[in-house]
J.: 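This structure is in C-alpha cells; I'll ask about it shortly.
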There are 2 protein chains.
Amino acid sequence: MANLAEVSPKTVSNVVNGYVHVSPVTRKRVQRAIQELDFRPNRSARNLRRGSTGIIGIIVPELPMSYFAELSRQLLMAVEEHGRTLLIEQTLGDRRREEAVIDHLGDRFVDGVVVSPLAPHGRAFAGRADMRFVFIGERPSGCSADYVGIDNVAAAREAVTHLVRGGRRRIAAIGIQPEPCTGTPLLRHTGYRQALAAAGLPVDSRLEKGTARYHLREGAQAMRSLLEEPDAPDAVFCFNDALALGALRTLHERGLRVPDDVAVMGFDDFEAAEFSTPNLSSVASDKAAMARSAVRLLLERIDVPDRPAREILIGHTLRIRESTEGGLS
Amino acid sequence: MANLAEVSPKTVSNVVNGYVHVSPVTRKRVQRAIQELDFRPNRSARNLRRGSTGIIGIIVPELPMSYFAELSRQLLMAVEEHGRTLLIEQTLGDRRREEAVIDHLGDRFVDGVVVSPLAPHGRAFAGRADMRFVFIGERPSGCSADYVGIDNVAAAREAVTHLVRGGRRRIAAIGIQPEPCTGTPLLRHTGYRQALAAAGLPVDSRLEKGTARYHLREGAQAMRSLLEEPDAPDAVFCFNDALALGALRTLHERGLRVPDDVAVMGFDDFEAAEFSTPNLSSVASDKAAMARSAVRLLLERIDVPDRPAREILIGHTLRIRESTEGGLS
DNA sequence: GTGAAAGCGCTAACAC
DNA sequence: GTGTTAGCGCTTTCAC
C-alpha cells in the first residue's frame with residue numbers, strides 16, 4: 001500500500017478518484033507520495049471492484065478495409081468524449097474468429113460492444129443476453145437490437161438514378177451477395193433495381209455480379225467478367241469504393257475510357273475516392289455522426305439494459321466526381 | 001459460485017482451465033452446470049489474480065492510414081498465435097493523446113505494447129520502466145528499446161537507384177521532415193541522397209518537399225508545388241504510397257504522363273498500389289514477418305524484463321510497376 | 001475528515 | 001482427485 005509511505009489506506013483512494021472531502025494538507029501529502037512511488041492504481045483490481053471496465057469494444061471484419069478503419073477512428077473519438085476506452089477487435093470475416101471474439105469480450109471484459117458485421121455474419125450475438133451491443137452500418141437478419149446506419153435502399157436508388165440521368169442504359173452492379181443474404185448488399189441491390197424500374201430499364205442478370213469480398217481485387221475481377229459479356233455495360237454501380245477502384249483499373253487495362261465509355265459509381269466515399277484517376281463518384285455518409293449515435297445508444301443500453309431497441313438513420317449525400325461526370329454523347 | 005449448483009469450489013477452476021487431474025465424472029458434472037448457468041469466468045477477477053491480462057497492446061497513429069491498418073491485422077494474427085488478445089489504440093498523431101494512451105495502458109492493463117509511433121513522437125516512453133514495449137517500423141531517437149523494422153536507408157537507396165537506371169536525372173523526394181526529426185523520414189532521405197551521390201547527381205533542395213502528414217492530400221499538394229518550380233522533376237520518390245497516389249493525381253490533373261514525363265515511386269506497397277492508374281512501383285516489406293518478430297520480442301521481454309535490447313531487421317523488395325516502367329525516351 | 005475492515009470473483013497452495 | 005482457505009489491489013460502507 002502506498003499509504004505506508006505517508007498516511008492512510010483509503011484516503012489515497014479518495015485522492016486518486018478526486019473526492020471532495022479531503023483536507024488540502026492530506027491531499028498534498030498523498031499526492032507527493034504518489035509522485036515519489038510512481039504509484040499507479042491497478043486497473044484489474046479497480047475493474048473487479050467497480051464491476052465495469054470503462055471499455056467499449058468494436059468488432060469489425062478487418063481494419064485494412066478503409067470503411068472499417070475510418071469507422072474505428074470515428075468511434076475512438078466518440079468513445080473518448082465519454083471518457084471511455086475503445087478496444088478494437090477484428091473477425092477477419094471468419095465465423096470461428098467472430099465467435100471467439102464475442103466470447104472473449106463477453107466475459108465482463110467490456111461494458112458494451114459496437115458491432116459492424118459482414119452481411120452474412122453477426123448471428124452469433126443472438127444468444128448473448130448478457131452482452132450490451134449496438135449494430136452499426138449492418139446488422140444480422142431478424143435481429144432486434146439497437147442499430148445505427150443509413151438508408152441503403154434510398155442511397156443506392158439515388159446513385160443509380162444519377163447514372164440514368166447521365167443517359168446510361170446498361171447499368172451493371174458489382175457486389176451482389178448470394179440469396180440467403182439480407183443485409184446491406186441486398187438493400188443496395190434493391191435500390192439498384194428500383195432505380196432501373198423507375199427508369200423503365202430492364203433487369204439483366206448478366207449485369208449483376210457477385211463478389212466473395214469487397215476488395216479491390218474482386219472489383220477488378222468482376223469488371224473483367226462484365227466485359228466478357230456480349231453486351232458491355234455503359235455504367236457500373238459498385239457496392240463499395242474498393243470494388244469501384246478495382247473496376248476502374250480493369251477498364252484502364254482494357255483501354256476503355258471513364259466516364260466516356262463506362263461510368264463508375266462507388267459507395268462509402270473513402271478518402272482515396274477523391275484522388276483516383278479519374279476520381280470516383282460515391283455515396284458519402286456522415287461516419288462521425290454514426291459513431292456518436294452508436295456510442296450514445298450503447299451507453300443508454302448499458303444504463304437501462306431492457307430499454308426497447310432503437311434504430312437511428314443517418315443522412316447520406318451523393319458526391320459526383322469525374323467517374324460519372326457528363327452524360328453519354 | 002457455480003459450484004452451488006453441483007459440486008465444488010475450485011474443481012470448477014480446474015475444469016475451466018483445463019487441468020488434467022479431474023475425474024471424467026466430475027468434469028462432466030461441472031461442464032453441465034456451466035452450460036446450465038451459462039457461467040462465464042469474470043475476466044477482471046482472473047486478471048487481478050493472475051497478475052496479467054493476456055492482452056498485448058498496439059499503439060498506432062491512425063488506422064485510416066493503410067500501413068497501420070495492415071500492421072494491425074498482421075499483429076492480430078501474430079498475437080493470436082500465442083493465445084493473446086490485441087488491443088489497438090490510436091494516438092491520431094497527437095502528443096497529448098499519445099501520453100494519455102500510454103498512461104492508460106500502463107496501469108497493468110496490458111502485458112506489453114507494440115508501438116508504431118510517428119517519427120517526431122514516441123518520446124513519452126522514456127520514463128516508463130514499468131512497461132514492456134517494442135517499437136515496430138519506427139522508433140524515437142536515442143531510444144534503446146527492442147525494435148523491429150527494415151533497412152530504410154538501403155530501401156530508399158535502391159528505390160532511387162531504380163529511378164536513376166531508368167535515365168531519370170531530376171529526381172524529387174516527397175515526405176521530408178523538418179530538422180529535429182531523426183526517424184524513418186531521415187533514413188529515407190539519407191538513402192535518397194546516397195543514391196543521387198552514387199549517380200553523380202546534384203542535390204537540389206527545391207526538389208525535396210516536406211509534408212505535414214503522409215496522406216493523399218499532402219502528396220497531391222507537394223506535387224503541385226514541385227511543378228511550380230522552373231525546372232520540373234522527371235521522377236518523384238515518395239516516402240509512402242499515399243503520398244505517391246496523391247502525386248499521381250496531381251500529375252494527371254496537369255496532363256503529365258506517368259511514367260513518360262514523370263516516374264513515381266512509393267513506399268510500403270499497400271494493396272491499392274497494384275490497382276491505381278497507372279499502378280504504383282513501391283518498396284514492399286514483409287509485414288507479417290515484422291509482426292511476428294515484434295510479438296516474439298515482446299513476449300521475451302515480458303518474460304525477462306531486463307534482457308538487453310535487441311533489434312531485428314526484416315528484408316524488403318522493390319516492386320516495379322507501371323509508374324516507373326521503362327526508361328526516359 | 002480519516003481509519004478499519006469487508007469483499008468484488010477468481011486462482012493456487014495446501015491439506016485431506 | 002477434491003475441498004478449504006487465503007489473498008490479488010482496489011473501493012466502500014461504517015464507525016470514529
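FYI, side chains are in, hydrogens and waters are out, and symmetry mates aren't considered; it's all heavy atoms of this structure.
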J.: Establish, with yes or no, whether the OP1 or OP2 oxygen of C:dG3 is under 4.0 angstrom from a side-chain nitrogen or oxygen of A:T11.
T.: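 For A:T11, the contact criterion (side-chain N or O under 4.0 Å from OP1 or OP2 of C:dG3) is met.
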J.: For the pair made of CZ in A:R40 and C1' in D:dC8, what is the distance, rounded to whole Å?
T.: 20 Å
J.: Does the side chain of A:S13 get closer than 4.0 angstrom to OP1 or OP2 of D:dT11 through an N or O atom?
T.: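 So the side chain of A:S13 is within the cut-off, an N or O lying under 4.0 Å from OP1 or OP2 of D:dT11.
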J.: Name all pairs fulfilling the salt bridge (Lys or Arg N to Asp or Glu O under 4.0 Å) condition that reach into residues 48-74 of chain B, sequence neighbours left out, sorted by first residue then second.
T.: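 Passing the test, one end in residues 48-74 of chain B: A:E62-B:R73, A:R73-B:E62, B:E70-B:R73.
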J.: Rounding to an integer number of Å, can you tell me how far B:N42 CG sits from D:dC8 C1'?
T.: 13 Å
J.: Nearest whole Å is fine: how far is C:dG1 P from A:K28 NZ?
T.: 17 Å
J.: So, does A:S44 get its side chain near the phosphate of D:dC10, meaning an N or O under 4.0 Å from OP1 or OP2?
T.: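 No, no such contact exists.
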J.: Would you mind reading off the distance between A:L48 atom CG and D:dT12 atom P, rounded to a whole angstrom?
T.: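 A:L48 atom CG is separated from D:dT12 atom P by 12 Å.
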J.: Can you give me the closest heavy-atom contact between B:A69 and A:L63, atom names plus distance?
T.: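 Looking at all heavy atoms of both residues, the closest pair is CB-O, 3.6 Å.
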J.: Among the candidates D:dC10, C:dG9, D:dT2, find the nucleotide nearest to the side-chain atoms of B:A45.
T.: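 Looking only at heavy atoms from C-beta outward on B:A45, the closest nucleotide is C:dG9.
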J.: To the nearest Å, how far apart are A:R50 CZ and D:dT11 P?
T.: 6 Å
J.: Which nucleotide wins on minimum distance to the side chain of B:N17, given the candidates C:dG1, C:dT11, D:dC10?
T.: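 From the listed options, C:dT11 comes nearest.
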J.: Could you give the CG-to-P distance, from B:N47 to C:dA12, as a whole number of Å?
T.: 12 Å
J.: Can a salt bridge be assigned to the pair A:R292 and A:E81 using a cut-off of 4.0 Å between side-chain N and carboxylate O?
T.: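 No, A:R292 and A:E81 are not salt-bridged.
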J.: How close or far is atom C1' of D:dC8 from atom CZ of B:R49, stated in whole angstroms?
T.: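 In whole Å, D:dC8 C1' lies 6 Å from B:R49 CZ.
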J.: Hey, does A:L298 have a side-chain heavy atom less than 4.5 Å from the side chain of A:V295?
T.: no
J.: Between B:R46 (CZ) and D:dC10 (P), how many Å, whole number?
T.: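 Distance check: B:R46 CZ to D:dC10 P gives 21 Å.
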